[in-house]
**Student:** 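Once you've had a glance at the structure underneath, I'll fire off some questions.
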Number of protein chains: 2
Amino acid sequence: MIGSGGVQADFCTTCTVRPNSVCSVIEPGDISRLAEVAVESIVPPGRGFIEEGAPATDFFNVTSGTVKLFKALPDGRRQITGFAAPGHFLGLAVSDSYAFGAEAVDTVRVCRFSREKMTELLDDFPKLERRLLEEASNELVAAQNQMLLLGRKTARERVASFLLDQMHAGLPPGQDGNGGRLHLPMTRGDIADYLGLTIETVSRTLSWMRAQGMIEVGKGYAITVLSVAKLEVLAAGNG
Amino acid sequence: MIGSGGVQADFCTTCTVRPNSVCSVIEPGDISRLAEVAVESIVPPGRGFIEEGAPATDFFNVTSGTVKLFKALPDGRRQITGFAAPGHFLGLAVSDSYAFGAEAVDTVRVCRFSREKMTELLDDFPKLERRLLEEASNELVAAQNQMLLLGRKTARERVASFLLDQMHAGLPPGQDGNGGRLHLPMTRGDIADYLGLTIETVSRTLSWMRAQGMIEVGKGYAITVLSVAKLEVLAAGNG
DNA sequence: GGGATGCATTGATTTACATCAAACCATCTG
DNA sequence: CAGATGGTTTGATGTAAATCAATGCATCCC
């Protein structure tokens with residue numbers, strides 16, 4: 001385990017109030033059970049807290065910030081398999097070692113559980129197991145979409161799909177956020193590693209979209225989507 | 001639902017004896033419960049039985065043969081997200097429509113459950129839910145590996161990884177099958193759609209591997225792996 | 001202020017793979 | 001048997017994206 005340090009609170013307080021968090025399915029009366037197993041950690045930007053291949057000792061529940069999950073090849077090539085937002089659950093491995101690494105993009109708060117105690121919890125709270133199955137199913141759908149993207153979409157289609165995904169991410173379905181304003185805490189390098197492209201191609205594609213009047217690229221990590229329709233045409237494989 | 005026809009038996013008989021099948025976690029005394037909800041279908045080669053986007057009415061458990069799962073873009077580009085072998089579970093969608101299509105590669109036998117009755121089963125048999133969670137976790141790991149392959153590996157690395165995966169597929173871990181002999185029921189087109197390549201590139205890569213003495217390409221669907229070591233070097237990103 | 005440092009952007013060139021095209025070789029069918 | 005069909009292989013050419021290479025532009029720190 002890398003970066004197991006970081007500030008630690010006595011108890012995972014935030015995740016009991018987050019909707020969709022793992023802890024939120026526990027009945028209020030049983031919260032004390034949770035206090036025995038859950039510890040909150042604050043992970044600074046860039047710090048890794050799950051190392052690919054290391055013994056899988058803990059489960060995590062993200063309560064704030066953004067986490068990048070990735071796999072790497074021996075020569076350093078990296079594929080980011082997903083960005084985990086608050087409510088997301090990490091470390092659901094059947095194997096006894098982690099199949100992926102995890103690193104904080106910005107400042108991240110996670111709720112940490114030991115795996116063996118988690119097993120006990122699962123036995124006692126069937127709702128929790130149902131919730132995990134639901135989460136895993138959703139991730140599977142996302143993974144299949146990403147395979148289609150990585151295997152068959154062009155660079156422009158990938159970036160368009162990514163921006164559209166980011167607009168809907170973390171929002172209840174059927175809501176379009178705040179007028180296309182996106183924050184995107186990750187670097188161009190992270191986006192490239194997520195989309196199976198290079199930094200240069202991501203940058204060029206964003207520049208091209210700006211020239212087409214589809215987006216505005218602001219300072220820092222701000223991007224504003226000006227035309228969802230144009231991006232949707234692109235992402236679907238037309239345009 | 002496409003191709004919902006096909007020969008149907010009164011009851012899913014094969015899946016109760018298959019290790020790792022969904023039915024196998026049901027206690028023998030409760031098999032009668034299962035008989036109420038499970039129906040076996042035989043699906044001929046090339047026939048689709050799950051249509052992407054159609055209402056998700058059923059769950060399936062593959063009991064023999066090989067199924068290809070795929071997603072498609074409007075213009076016809078296709079990505080095969082996985083091949084489902086016996087024991088595999090299909091249709092675990094949270095949404096009310098299927099996120100992918102499924103089609104028989106060779107002759108396939110599936111055990112079909114209605115989703116609403118499946119929900120009742122889940123309530124009554126906690127073991128079943130545990131088994132599904134395990135299955136979903138394994139698929140998630142496979143999906144992450146595939147994302148690394150699609151996003152970051154070269155054509156040679158992809159084909160090498162595929163052949164190695166196929167050698168271990170369906171076997172208990174730590175067993176190397178029958179001397180490198182592989183059957184591969186799918187066409188070059190299927191392999192291409194699975195690896196994010198074209199038919200021609202798959203064919204050329206296999207020819208190259210033959211020329212390198214790594215494999216033998218037999219008639220029909222037979223491929224023999226002559227040097228696992230060479231393939232492993234390739235798949236890891238060296239060579 | 002004046003380097004460093006760490007992203008991001010833009011341009012020139014290369015290349016791995018796709019595309020286009022032609023055989024090849026089974027199996028099937030009238 | 002001839003011809004059609006569907007998958008596979010091999011070759012010639014094209015191109016989208018990678019690579020190589022500057023330059024820009026913040027923030028940080030001495």
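Note: hydrogens, waters and symmetry copies are ignored here, and every other heavy atom, side chains too, is used. So that the names make sense, note that chain A is the first sequence line, chain B the second, and so on, each numbered from 1.
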**Student:** Mind calculating the distance between CG (A:Leu184) and P (C:dA8) to the nearest angstrom?
**Tutor:**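 Taking CG of A:Leu184 and P of C:dA8, I get 11 Å after rounding.
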**Student:** Check every strand shown and say whether A:Ser203 touches a base, only sugar-phosphate, or nothing at a heavy-atom separation below 4.0 Å.
**Tutor:**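 The residue A:Ser203 makes base contact.
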**Student:** A:Glu135 side chain to A:Phe89 main-chain N or O, any donor-acceptor pair under 3.5 Å?
**Tutor:**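 Here the side-chain-to-backbone pair exists.
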**Student:** For the side chain of A:Arg204 and the base of C:dG11, is some donor closer than 3.5 Å to an acceptor across the two?
**Tutor:**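 Answer yes: a donor N or O sits under 3.5 Å from an acceptor.
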**Student:** Is any side-chain heavy atom of B:Phe70 less than 4.5 Å from a side-chain heavy atom of B:Asp193?
**Tutor:**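 With C-beta onward as the side chain, the pair stays apart.
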**Student:** Has B:Asp106 got a side-chain atom pairing as donor or acceptor with B:Gly65's backbone, closer than 3.5 angstrom?
**Tutor:**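 Checking the backbone N and O of B:Gly65 against the side chain of B:Asp106, no donor-acceptor pair under 3.5 Å is found.
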**Student:** Should A:Arg78 and A:Asp190 count as an ion pair when the cut-off is N to O under 4.0 Å?
**Tutor:**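 A salt bridge links A:Arg78 with A:Asp190.
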**Student:** Nearest heavy atom decides the nucleotide; on that basis, is B:Lys153 or A:Gly189 closer to the 5' end of DNA chain C?
**Tutor:**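 Result: A:Gly189.
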**Student:** Nearest whole Å is fine: how far is C:dC17 P from B:Leu195 CG?
**Tutor:**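 From B:Leu195 CG to C:dC17 P: 12 Å.
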**Student:** Donor-acceptor pair, B:Asp58 side chain versus B:Phe60 backbone, under 3.5 Å?
**Tutor:**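 Checking the backbone N and O of B:Phe60 against the side chain of B:Asp58, no donor-acceptor pair under 3.5 Å is found.
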**Student:** Output yes when a side-chain donor or acceptor of A:Gln144 lies under 3.5 Å from a complementary backbone atom of B:Ala99, and no otherwise.
**Tutor:**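 Between the backbone of B:Ala99 and the side chain of A:Gln144 there is no qualifying donor-acceptor contact (under 3.5 Å).
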**Student:** Rounding to an integer number of Å, can you tell me how far A:Tyr221 OH sits from C:dG6 C1'?
**Tutor:**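 Atom OH in A:Tyr221 sits about 9 Å away from atom C1' in C:dG6.
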**Student:** With sugar-phosphate meaning primed atoms plus P, OP1 and OP2, does B:Leu206 contact a base, only sugar-phosphate, or nothing at under 4.0 Å between heavy atoms?
**Tutor:**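 Nothing, no nucleic acid heavy atom in range.
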**Student:** Heavy atoms within less than 4.0 Å of DNA chain D: which residues of residues 76-84 of chain B have one? Give them sorted by number.
**Tutor:**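 Listed by number, there are none.
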**Student:** Reckon A:Arg210 touches a base, only the sugar-phosphate, or nothing at all at heavy-atom distances under 4.0 Å?
**Tutor:**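 Result for A:Arg210 = sugar-phosphate.
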**Student:** 5'-most contact on DNA chain D: A:Arg158 or A:Glu200, nearest heavy atom basis?
**Tutor:**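 Looking at the nearest nucleotide for each, A:Arg158 comes out on the 5' side.
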**Student:** Using 0.5 Å steps for rounding, measure from the CG atom of A:Leu182 to the OG1 atom of A:Thr224.
**Tutor:**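 One finds 7.5 Å between CG of A:Leu182 and OG1 of A:Thr224.
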**Student:** Would you mind reporting whether B:Asn145 and A:Phe100 have side-chain heavy atoms less than 4.5 Å apart?
**Tutor:**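 No. Closest side-chain heavy atoms not under 4.5 Å.
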**Student:** Tell me the interatomic distance from A:Met186, atom CE, to C:dA8, atom P, rounded to whole angstroms.
**Tutor:**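 Going from A:Met186 (CE) to C:dA8 (P), I get 11 Å.
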**Student:** A:Trp208 CH2 to C:dT9 P: how many Å, rounded?
**Tutor:**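 Rounding to the nearest Å, CH2 of A:Trp208 and P of C:dT9 are 16 Å apart.
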**Student:** Can a side chain N or O of B:Thr198 be found less than 4.0 Å away from OP1 or OP2 on C:dA18?
**Tutor:**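 Checking C:dA18 against B:Thr198, a side-chain N or O does come within under 4.0 Å of OP1 or OP2.
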**Student:** Looking at A:Gln212, is its backbone amide N or carbonyl O close enough to the side chain of A:Lys230 to form a donor-acceptor pair, meaning the two atoms are under 3.5 Å apart?
**Tutor:**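 Indeed, once roles are kept as given, a pair shorter than 3.5 Å links the two residues.
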**Student:** What does A:Gly46 touch in the nucleic acid at a heavy-atom separation under 4.0 angstrom: a base, only the sugar-phosphate, or nothing?
**Tutor:**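 Nothing, no heavy atom under 4.0 Å.
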**Student:** Quick one: label A:Gly220 by what it contacts on the DNA or RNA (base, sugar-phosphate, nothing), any heavy atom closer than 4.0 Å.
**Tutor:**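 Counting heavy atoms under 4.0 Å across all strands, no contact is made by A:Gly220.
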**Student:** Pick base, sugar-phosphate or nothing for A:Ser207, based on heavy-atom distances below 4.0 Å to the nucleic acid.
**Tutor:**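 Result for A:Ser207 = sugar-phosphate.
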**Student:** Provide, to the nearest angstrom, the distance between the NZ atom belonging to A:Lys219 and the P atom belonging to C:dG6.
**Tutor:**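 One finds 21 Å between P of C:dG6 and NZ of A:Lys219, rounded.
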**Student:** 5' to 3' on DNA chain D, which nucleotides open and close the contacts with chain B (atom under 4.0 Å from a heavy atom)?
**Tutor:**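 Nucleotide range in contact with chain B: D:dT8 to D:dA12.
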**Student:** With the side chain counted from C-beta on, respond yes when A:Arg77 and B:Glu157 share a heavy-atom pair under 4.5 Å apart, and no when they do not.
**Tutor:**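 Yes. Closest side-chain heavy atoms under 4.5 Å.
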